[in-house]
Amino acid sequence: MSTPALLEARAVTVRFGGLTAVDHVSVAFGEGELVGIIGPNGAGKTTFFNAISGVQPLTGGELIVQGDRLTGRAPHVFSHHGIARTFQTPRVFGDMAVTDNVRFGLQFAGRGRSGPPSLRDEAAILRLIGLQAQSALPAAAITPSQQRLLEIGMALATRPRLLLLDEVAAGLTEAEIEAMARLIRRLRDELRLCVVWIEHAVATLLRHVERVLVLHQGKKLADGTPSAVRSNAEVIEAYLGDEVTG
Ligand SMILES: Nc1ncnc2c1ncn2[C@@H]1O[C@H](COP(=O)(O)OP(=O)(O)O)[C@@H](O)[C@H]1O
Ligand SMILES: [Mg+2]
């Protein structure tokens, strides 16, 4: 690659006692990429996100973010290096207004940090994620799918270069999933973000990403285009079967 990757994971390993949740995973993500991560329950997807956002200390390996070695650093250091993420269970402040949740993200990032016009302030971010009408409502009062959008808005408020999304489409209706996928594509197209998107619903994810990483028992099993992954014999054998070929 000619430009340094936004994030490079080198043999990243996370063990919990005797269990190896992430096993020597090496991968690089670059600007403007839209990458999916799939794998059965317990494959290590969330733990991998925790590792590459500084939330989970590594047992082994290195993390290089825009050329800087961040291995062992705290989550806020990863945030300042342009990495933002959502959690599998949305973490919004229920008593606070929707707009104040986004303001919290902006304060966390520091308002001085430059960002594109669509991430300029609370109003711009709420417009981007489609929650202007809910701006004054307490976050606890909006629907679960709107809370997922809000969590994306809070992540965007830190003006990231790399956005990590953990099962943001889980529990959404088909129409909501399509809207979510359109939003994710806009973030990539208009903001040049690299988006890495974990989703349990394999077929959905493969429709919307250009590259897909397959994790299985903590190991990287495949990394390629959706069509290459769909026809990868090891992937089919490991777990996907008719889930991807159908
Ligand atoms: N904090 C933890 N302590 C112990 N085991 C954990 C912890 N977090 C995850 N695990 C285990 O690590 C494995 C991978 O989990 P996870 O990363 O959540 O998988 P996925 O997101 O792919 O479903 C599972 O076996 C899970 O039980
Ligand atoms: Mg998970």
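When a ligand or atom number is given, it counts from 1 through the structure's own listing order.
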Working note: Leu150 + Val102, criterion side-chain contact (heavy atoms from CB on, under 4.5 Å); need CA distance, chi angles, decisive distance, verdict. CA-CA 8 Å; Leu150 177 56; Val102 174; 3.7 Å; yes
Where the side chain of [X] meets the backbone of [Y], is there a donor-acceptor pair that is under 3.5 Å apart?
X	Y	value
Ser79	Pro75	no
Lys45	Pro40	yes
Thr13	Ala11	yes
Asp23	Lys219	no

Does [X] reach ligand 1 with a nitrogen or oxygen that is under 3.5 Å from one of the ligand's nitrogen or oxygen atoms?
X	result
Gly44	yes
Leu19	no
Phe16	no
Gln88	no

Val92 vs Met154, test: side-chain contact (heavy atoms from CB on, under 4.5 Å). Steps then yes/no. CA-CA 8 Å; Val92 299; Met154 293 167 73; 4.0 Å; yes
When rounded to the nearest 0.5 angstrom, what is the spacing between CZ in Arg120 and CZ in Arg159?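 Atom-to-atom, Arg120:CZ and Arg159:CZ are 9.5 Å apart.
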With respect to the Mg ion (ligand 2), please indicate if Gln88 possesses an N, O or S atom at a distance under 2.8 Å.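 Here the distance criterion (N, O or S atom, under 2.8 Å) is met by Gln88, so yes.
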Tell me, please, if Asn41 has any N/O/S atom, main chain or side chain, under 2.8 Å from the Mg ion (ligand 2)?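 Within the cut-off used here (under 2.8 Å), Asn41 places no N, O or S atom near the Mg ion (ligand 2).
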Asn41 neighbourhood, listing ligand 1 atoms whose heavy-atom distance to it stays under 4.0 Å: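 Answer, ordered by atom number: 23 (O).
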Can you find a non-hydrogen atom of Pro40 under 4.0 Å from ligand 1?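 Yes, Pro40 has a heavy atom closer than 4.0 Å to ligand 1.
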Using heavy-atom distances, let me know which of Ala43, Gly39, Gly42, Ala51 sits nearest atom 24 (C) of ligand 1.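 Comparing heavy atoms across Ala43, Gly39, Gly42, Ala51, the nearest one to atom 24 (C) of ligand 1 lies in Gly42.
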Any chance CZ of Arg73 has more than 12 other-residue heavy atoms, nucleotides or ligands included, within less than 6.0 Å?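 No, CZ of Arg73 has 12 or fewer neighbouring heavy atoms, counting only those of other groups under 6.0 Å.
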Protein heavy-atom partner closest to atom 18 (O) of ligand 1 - residue, atom, separation in Å: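 Result for atom 18 (O) of ligand 1: Thr46 CB, 3.8 Å.
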In the protein, what heavy atom is nearest to atom 15 (O) of ligand 1, and what distance, to one decimal place, separates them?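 I find the closest protein heavy atom is Thr47 OG1, 3.8 Å.
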Within 4.0 Å of atom 27 (O) of ligand 1 (strictly less), any protein heavy atom?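 Given the 4.0 Å cut-off, atom 27 (O) of ligand 1 does not count as touching protein heavy atoms.
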